[in-house]
Amino acid sequence: MSDAPRAAELRELLRRHNHAYHVLDQPTVDDATYDLLLRELQSLEEADPALRTADSPTQRVGAAASTAFAEIAHLQPMLSLANARDIDELVAFHERVVRLLAAAGIDEPPTYVTEAKIDGLAISLLYRDGVFERGATRGNGEVGEDVTANLRTVRTLPLSFGDPQAPTLVEVRGEIYIPRAAFDRMNDERAAHGLPVYMNPRNTAAGSLRQIDPRQTATRPLALWCYAVGVLDGVAFASHHEALAWLGARGLPINPLTAVHRSIESVVAECARIGELRPSLPYDIDGVVVKVDAIAMQQALGSVGRDPRWAVAFKFPATTRTTRLLDIRVNVGRTGALNPYAVLEAVEVGGVTVRMATLHNEEDIHRKDVRVGDTVIVQRAGDVIPQVVGPVLDLRPDGAVPFAMPERCPACSEPIVKPDGEVQHRCLNLRCPSRGLELLRHFVSRGALDIEGVGDKLVARLFELGLIARPSDLYRITQEQLEGLDGFKERSAANAVASIAASRGRPFGRVLFGLGIPHVGEVIAQAVARHFGTVDRLAAASAQEVADVEGVGSVIAEAVVGWFADADNAALVADLVALGVNLELGADERLAVGHLTGTAFVITGTLSVPRAELEARIVAAGGKIAGSVSACTDYLVAGEAAGSKLAKATRLGVAVLDEAGIVQLLAASA
DNA sequence: CGGCCTCGAGTTCC
DNA sequence: CTCGAGGCCG
């Protein structure tokens, strides 16, 4: 029997996914699935080299795009920007800046720099001794992908400063884009050669930068504007505009739509002016970036989360289109929340076809007054997520009726309730099939148990077939059961079973997150796991004790205690434990560097240092000091002649440290 | 008690 | 990405 037909099928599949990924920049499968297909083809070709055609995706260097680029940590995180959608928000930004500066003892009015916000791809460039060394995509802001080879092909990127006095290290921030005219020319050429044309400049720039072969990238008309210095050795700027001038003097391209303003009125006028220029500019922009000019003021203002408080992005209104609202349907989420969504007649918005959009909740639908049959205005929020803005009332058909939430759950027919003061309608049935399925999806998802090879589709199928109803059922799935499903090959069945088994060792915090306790997301789950150490101690805790966890108040604490009080949930936990799923903190987690945050200590007995000093050091490392030992205590620090507290700790199974032990723990966390 | 900040939850496209 | 809401600080 020949594998040739399967090999041909795989080649075609991979070719199509590749095209979608690189040319359209719209992946059709996740990386893991792609890798799986590629590996299957590779093994077929190894078994029978005659199957290896010259155009096989296995012959393209680094065809497994997911692993082709090394990760690079930015010297300084690449921040994001808060948005101002209108002039009021811009003025509010200014007022906040003034207020915060005054609070920091600076009464001088701020000067601003405005820059056109280029609709491209943020990158970071590193110059060592004035020579371009490497460049990376923004990634998650902390870590990006190394695209040095591709960046070298960007003709306006200087490979060196030509400056003998260049500082040792300069990190430059910029935006890679494709000028409109060049984009159109490229598409004309492609069309002439019978090649598919690209959808929009931004996605094409993104795809081009992630080409495996830099020679491909070199054929794309990429360009660069630089807008900031990340890190710079030896040169200190007093202002942002000086930094830009410094970059410009070294050959880095600075966008000409850059100006300094002495008042917010001037900034507002500039936003309007650039908005008018927008259609005639030779490249796409999506707003205006406004930055406080003085570096000293920037430092005084600082940042909140990822957003600096000294800068804001004034966003131009999103491009909108109209289409028909065909239907309003309702999903039931993991928490029982009813989420209405719009089914739309397919429409192109900003280079993407939109067919669905969330409508959030009933209140939202009524506020917008959209009805089935309406012609509605659709936009993409932040140019990404499709949104229904509102109806075109003139085009409303006769007899269009306002939307009403179903009175019974569309999944389980139980009555729907809307608690007072809440926006969401809910299905309270804990056994609602929709909720069960959504919980399973959540359980296997990335941030939780992260079970590779078991995605939404497989989970839904197994759920429908009745093979899994609760998370613990996953661990009883056999390879044979999976192979019984059509379209499921032996290899992927084995992979899925293996990754399910491997997920049993996930850290406690992630498993806890996977349980889907209301209000307990990734962060809270982690904090709770750290605090209690084991599920048993968590399950035995009172709401009062749970509320001791940092960031947990009465609402979340009640939710946690209530969850464990439910017999089914308790049974699920017991089942998971019996199946070998990890539900306690690993020793390494307890001792992990800088991780005393949320850890509760009790000190007893006589120590060689003053107790206050030891307490201060524990608190400095993020730990908490309690007066008496309870189930919530992580460590009892016992000195000489410890008495009843030590006895109680031993009885409760609380870890006990001697003085050397706590010193070691503190050192490990420094 | 009010305002800010952080977190949770649901989400769209291919 | 965005909205809503819980938590916490002043």
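Order of the sequence lines fixes the chain letters, A, B, ..., with proteins taken first and strands second; residue numbering starts at 1 for each chain. The structure presented is a predicted model; accordingly, all values stated were derived computationally and were not measured.
- Taking side-chain N and O atoms only, A:Asn339 has a distance below 4.0 Å to OP1 or OP2 of B:dT11.
- Ranking B:dC14, C:dG7, B:dC4 by closeness to the A:Arg99 side chain, first place goes to B:dC4.
- Contact annotation: A:Arg96 does not reach the phosphate of B:dC4 (side-chain N/O to OP1 or OP2, under 4.0 Å).
- Put simply, NE2 on A:His519 is 14 Å from C1' on B:dG10, counting in whole angstrom units.
- Following rounding to the nearest Å, A:Glu438 (CD) and B:dG8 (C1') show an atom-to-atom distance of 15 Å.
- The side chain of A:Gln387 approaches C:dT2 more closely than any other nucleotide in the set C:dT2, C:dG7, B:dT12.
- Salt bridge status for A:Arg367 with A:Glu363: present, with a side-chain N to carboxylate O gap under 4.0 Å.
- Ionic pairing of A:Asp568 and A:Arg431 is present here: one or more N-O contacts between side-chain nitrogen and carboxylate oxygen are shorter than 4.0 angstrom.
- Projected onto DNA chain B by closest heavy-atom contact, A:Val354 and A:Gly336 fall at different nucleotides, the more 5' of which corresponds to A:Gly336.
- Between the C1' atom of B:dT12 and the CG atom of A:Leu344 lies a distance of 11 Å, rounded to the nearest Å.
- For the pair A:Leu359 CG and B:dT12 P, the interatomic distance rounds to 9 Å; values are reported in whole Å.
- Nearest nucleotide to the side chain of A:Arg85, out of B:dT12, C:dC3, C:dG7: C:dC3.
- Between B:dG10 and A:Thr335, a contact under 4.0 Å exists linking OP1 or OP2 to a side-chain N or O.
- Put simply, CZ on A:Arg435 is 13 Å from C1' on B:dA9, counting in whole angstrom units.
- The side chain of A:Arg355 has B:dC14 as its nearest neighbour among B:dT11, B:dC14, C:dG6.
- Although no hydrogens or angles enter the test, the distance criterion places no donor-acceptor pair under 3.5 Å between the side chain of A:Arg329 and the main chain of A:Val343.
- Of all nucleotides listed (B:dT11, C:dT2, C:dG7), C:dT2 comes nearest to the side chain of A:Asn83.
- In this structure, CD of A:Gln424 is placed 11 Å from C1' of C:dA5, rounded to the nearest angstrom.
- When side chains are defined from C-beta on, A:Tyr227 does not count as touching A:Val289, because their heavy atoms never get closer than 4.5 Å.
- Listed nucleotides: B:dA9, C:dG7, B:dT11. Nearest to the side chain of A:Arg334: B:dA9.
- Rounded to an integer number of Å, the gap from NE2 of A:His442 to P of B:dA9 is 7 Å.
- A salt bridge does not link A:Glu464 with A:Arg461: none of the charged nitrogens is closer than 4.0 Å to a carboxylate oxygen.
- Distance, A:Arg367 CZ to C:dG4 C1': 11 Å, rounded to whole Å.
- Close to B:dC5, at under 4.0 Å from its OP1 or OP2, lies a side-chain N or O of A:Arg309.
- Taking for each of A:Thr358 and A:Val523 the nucleotide of DNA chain B with the nearest heavy atom, the 5'-most of the two is the partner of A:Val523.
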